[in-house]
Amino acid sequence: MGQPWGAEENAATPRSCLQHRYDSGNSATIGRLVGEWAQIGESELKLSLRELLRLLGRRWYIMVVAVALAATSTVMLARDGGIYTSRTIVVLTWPGSTAVSPYNGTNDWSVITFAEAVTTIVNGGKTDTQYYSHVDAPLYGVGVRQASTVTVRDEGSQWVSDIDSAVIEVQVVGRTHDWVETRQQALLDKIEEVAVAEQGGDEVPADEKIAVHVESLTKEIAYVSASRMAKILAAMALFGTALILGGAIAWVTDRRSVRRHQSGAESSTHRHEGELSGAMAQ
């Protein structure tokens with residue numbers, strides 16, 4: 001029985017020689033490609049740069065629109081300025097206890113449940129008013145510029161809830177100091193009013209009610225704004241994005257225009273050739 005085609009060559013040629021021949025062929029191909037790129041790389045780069053500058057010159061109006069949009073966005077961001085924010089802590093304890101006294105009932109589940117009921121009533125029946133995934137995240141950090149939240153402190157995350165204390169957080173952000181101060185005080189008054197009403201009102205003695213303590217040091221209103229360097233970097237990012245997008249749109253527009261002109265010229269040439277052929281046939 002005869003050997004398969006190529007068996008003699010395979011038998012006569014060691015495997016190492018075949019591998020060496022294969023590697024040598026690949027190396028030669030790669031070397032040839034690298035040489036060609038080295039020869040044309042610099043000239044093509046210069047040519048591409050000239051073409052880009054000419055293209056931007058032809059489509060200058062697109063770049064003007066892109067830069068104008070970036071400038072408008074920069075001015076709007078600069079005028080937006082900062083915001084005022086506050087984060088007030090309200091602690092609920094057993095009757096007769098203070099917020100700093102040990103074993104004051106803040107970690108008791110009955111007091112925690114009462115705090116959750118108070119916040120739900122203050123929020124108009126809403127049970128999910130949290131804009132963020134963690135308790136340490138500030139309200140202005142999610143892009144809110146004028147709003148307020150009343151929530152029981154949750155040490156968990158957006159996936160798992162972990163409430164282990166009857167601590168209510170009142171966050172307020174706004175454009176002006178007066179608005180934040182007025183809104184903050186209104187919410188604090190509402191919390192105390194609901195807490196009293198849910199415990200029988202004035203008919204129940206104060207020493208038998210769950211106490212509401214507002215941490216006075218947390219009522220401070222702070223002003224938050226971007227630094228000058230952050231504003232400069234934001235403006236640079238906007239203008240850089242505008243130049244890139246404007247250049248891309250100008251390139252696409254110019255290529256389409258060239259293709260339309262070429263297609264029209266070819267159609268005109270074919271039409272003239274057909275007319276000439278018809279005239280010669282006659």
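Just the heavy atoms: all of them, side chains too, but no hydrogens, waters or symmetry mates, feed the values below. Because the structure is a prediction, the values reported are computed rather than measured.
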Pairwise side-chain contact, [X] with [Y], heavy-atom cut-off 4.5 Å (strictly under):
X    : Y    : result
I168 : T151 : no
M76  : T72  : yes
I121 : E198 : yes
Y84  : V180 : yes
I210 : W94  : no
V173 : Q146 : no
K190 : V150 : no
V196 : K209 : yes

What closest approach, in Å, do [X] and [Y] show between heavy atoms, and which atom pair accounts for it?
X    : Y    : result
V194 : V122 : CG2-CG2, 4.1 Å
I62  : A250 : CD1-CA, 3.7 Å
V111 : A166 : CG1-CB, 3.6 Å
A66  : G246 : CB-CA, 4.1 Å
F239 : T74  : CE1-OG1, 3.7 Å
E215 : V91  : OE2-CG2, 3.8 Å

Between [atom1] on residue [X] and [atom2] on residue [Y], distance to nearest 0.5 Å:
X    : Y    : atom1 : atom2 : answer
L243 : L238 : CG    : CG    : 11.0 Å
T88  : L217 : OG1   : CG    : 11.0 Å
W109 : N107 : CH2   : CG    : 10.0 Å
I244 : I249 : CD1   : CD1   : 12.0 Å
R58  : R54  : CZ    : CZ    : 8.5 Å

Worksheet item: Is it true that V67 and M236 fall in one hydrophobic cluster, defined by side-chain heavy atoms closer than 4.5 Å?
Response: no
Worksheet item: For R175, does the CZ atom have more than 12 heavy-atom neighbours from other residues, nucleotides or ligands under 6.0 Å away?
Response: yes
Worksheet entry | Residue Y61 excluded, over 12 heavy atoms near OH under 6.0 Å | yes
Worksheet item: What pairs of residues pass the side chain to side chain donor-acceptor pair (under 3.5 Å) test when at least one of them lies in residues 229-239, not counting sequence neighbours?
Response: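 Residue pairs passing side chain to side chain donor-acceptor pair (under 3.5 Å), neighbours aside: none found.
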Going by distance alone, is a donor N or O of one side chain under 3.5 Å from an acceptor N or O of the other, for [X] and [Y]?
X    : Y    : answer
S148 : R183 : yes
T93  : H213 : yes
D178 : T176 : no

Worksheet item: R87 and V170: side chain to side chain contact (heavy atoms under 4.5 Å, CB included), yes or no, with the steps?
Response: CA-CA 6 Å; R87 190 171 192 166; V170 180; over 6 Å; no
Worksheet item: Which residues satisfy the side-chain hydrogen bond (donor to acceptor under 3.5 Å, both in side chains) test with H177, sequence neighbours excluded?
Response: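 Applying side-chain hydrogen bond (donor to acceptor under 3.5 Å, both in side chains) to H177 gives none.
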Worksheet entry | Verdict with reasoning, V212 to V90, per side chain to side chain contact (heavy atoms under 4.5 Å, CB included) | CA-CA 7 Å; V212 178; V90 181; 3.5 Å; yes
Item to complete: Walk me through it: do D108 and I112 pass the test side chain to side chain contact (heavy atoms under 4.5 Å, CB included)?
Response: CA-CA 6 Å; D108 186 84; I112 294 175; over 6 Å; no
Worksheet item: Looking at S101, S165, S97, which hits side chain to side chain contact (heavy atoms under 4.5 Å, CB included) with T106?
Response: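 Option passing the side chain to side chain contact (heavy atoms under 4.5 Å, CB included) with T106: S165.
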Worksheet entry | Chi angles and distances behind the side chain to side chain donor-acceptor pair (under 3.5 Å) call for Q171, T149 | CA-CA 5 Å; Q171 284 201 66; T149 59; 4.6 Å; no
Practice prompt. Tell me, with the steps shown, if V118 and F114 meet side chain to side chain contact (heavy atoms under 4.5 Å, CB included).
Written response: CA-CA 6 Å; V118 171; F114 182 74; 3.7 Å; yes
Examine distances only and state if a side-chain atom of [X] and a backbone atom of [Y] form a donor-acceptor pair shorter than 3.5 Å.
X    : Y    : answer
Q199 : A195 : yes
T218 : I89  : yes
T119 : E116 : yes

